[in-house]
Amino acid sequence: MPELIEPTVELRESWLEAAAEWGDTHQDGAGIHEGDELGTVEGFGAWISRLREQSDESVAVGPDRVHASYWWIVEDGEYAGAISLRHRLNDQLLDAGGHIGYGVRPSYRRRGLASWALGEVLTRARERGLERVLVSCAAENLASARTIERNGGVLEDVRETWLGLARRYWIEL
């Protein structure tokens, strides 16, 4: 049975194995920033600390950033992906990116994990007091579009954004 957990250094080896599967592809929902040193124990620990701090509304976030909560999708003790909930939108996230971002490790795809995780985070968004959330995906990512639609996503538009051509969906909570 999958679970959502806070990011932890205890799953570093599993996370590194997943990162090798991803290669140079960006891991949506993982909260990785340019300059993060994830290959070292110290750098990985610093990244985990930053992810945890970013959810704390009493701690300032950097310019053009918003507070967000991060969870890892874990199955049988292995890192299977990540999902994040941004607590609010700025102009850039309203254009593309939205409230929720997620990514599933390539070897764990086609098991329904993304749909399950999105459903879980929609519940958490509702508990935070959000009434609706924006979720976007690359226009060509039909698997992600189906995941969003299965969770109640209503397509607002497909537009050129700072992330490229994106499908933008709203989900009423």
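Taking CG of Leu173 as the reference point, atom CZ of Arg128 lies at 12.5 Å (rounded to 0.5 Å). The OG atom of Ser55 lies 14.0 Å from the CZ atom of Arg86; values are rounded to the nearest 0.5 Å. Put simply, CH2 on Trp47 and OG1 on Thr40 are 12.0 Å apart, with the number rounded to the nearest 0.5 Å. Tyr102 contributes atom OH, which lies 4.5 Å from atom OG1 of Thr147 (distance to the nearest 0.5 angstrom). Once rounded to the nearest 0.5 Å, the distance linking CD of Glu78 with CD of Glu13 reads 10.5 Å. Remark: Arg52 CZ to Ser69 OG distance equals 12.0 Å, nearest 0.5 Å.
Within a 6.0 Å sphere centred on CD of Glu10, heavy atoms belonging to other residues, nucleotides or ligands number 12 at most. Annotation for Asp91: atom CG does not count as buried by contact number, only 12 or fewer foreign heavy atoms lying within 6.0 Å.
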Under the salt bridge (Lys or Arg N to Asp or Glu O under 4.0 Å) criterion, do Arg168 and Asp95 qualify, and how do the steps go? CA-CA 8 Å; Arg168 298 173 64 258; Asp95 182 45; 5.4 Å; no
For Val133 and Leu122, what are the C-alpha separation, side-chain angles and deciding distance, and is it a side chain to side chain contact (heavy atoms under 4.5 Å, CB included)? CA-CA 8 Å; Val133 294; Leu122 291 173; 3.6 Å; yes
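Closest heavy-atom contact between Ile73 and Ala117: CD1-CB, 3.7 Å. Nearest approach of Arg65 to Val61, heavy atoms of both residues: O-CG2, 3.5 Å. Nearest heavy-atom pair, Ala139 versus Val158, reported as atom, atom and distance to 0.1 Å: CB-CG1, 4.0 Å. Nearest heavy atoms, Leu113 versus Ala80: CD1-CB, 4.0 Å. A pairwise comparison of heavy atoms in Cys137 and Ala145 identifies SG-N, 3.8 Å as the closest pair. Shortest non-hydrogen contact noted between His67 and Val59 is NE2-O, 2.6 Å.
A cation-pi arrangement is present between Arg111 and Tyr108, with the terminal nitrogen or guanidinium carbon under 6.0 Å from the aromatic centre and inside a 45° cone about the axis. Figure legend: cation-pi geometry between Arg105 and Trp15 absent, as NZ or CZ is not positioned both under 6.0 Å from the six-membered ring centre and within 45° of its axis. Judged by a 6.0 Å distance limit and a 45° cone about the ring axis, Arg109 is positioned over the six-membered ring of Trp22.
When atom types are taken as modelled, the side chain of Asp157 and the backbone of Arg159 share no donor-acceptor pair closer than 3.5 angstrom. Remark: side-chain polar atoms of Ser84 are not paired, donor with acceptor, to backbone N or O of Tyr70 under 3.5 angstrom.
In this structure, a donor-acceptor pair under 3.5 Å is present between the side chains of Glu57 and His87. In this structure, a donor-acceptor pair under 3.5 Å is present between the side chains of Glu149 and Tyr169.
The shortest distance between side-chain heavy atoms of Trp71 and Arg124 falls below 4.5 Å. Pro2 has its side chain within reach of Trp116: a pair of non-hydrogen atoms, C-beta onward, lies under 4.5 Å apart. You'll find the side chain of Ile171 stays beyond 4.5 Å of the side chain of Ile100, heavy atoms only. With contacts defined as side-chain heavy-atom distances shorter than 4.5 Å, the pair Leu11/Ile5 qualifies. Using a 4.5 Å heavy-atom cutoff, the side chains of Val66 and Leu89 are not in contact. Put simply, the side chain of Val74 does not reach to within 4.5 Å of the side chain of Tyr79, judged on heavy atoms.
Residues Leu163 and Leu93 fall into different hydrophobic clusters, defined by Ile, Leu, Val, Met, Phe, Trp and Tyr side chains chained together at heavy-atom separations under 4.5 Å. Hydrophobic clustering (side-chain heavy atoms under 4.5 Å, transitive across Ile, Leu, Val, Met, Phe, Trp, Tyr) keeps Leu134 apart from Leu155. Using a 4.5 Å cut-off between side-chain heavy atoms of Ile, Leu, Val, Met, Phe, Trp and Tyr, with links allowed through other members, Leu118 and Val154 fall into different hydrophobic clusters.
Ring pair Trp170/His99 is perpendicular by interplanar angle, where above 60° counts as perpendicular and below 30° as parallel.
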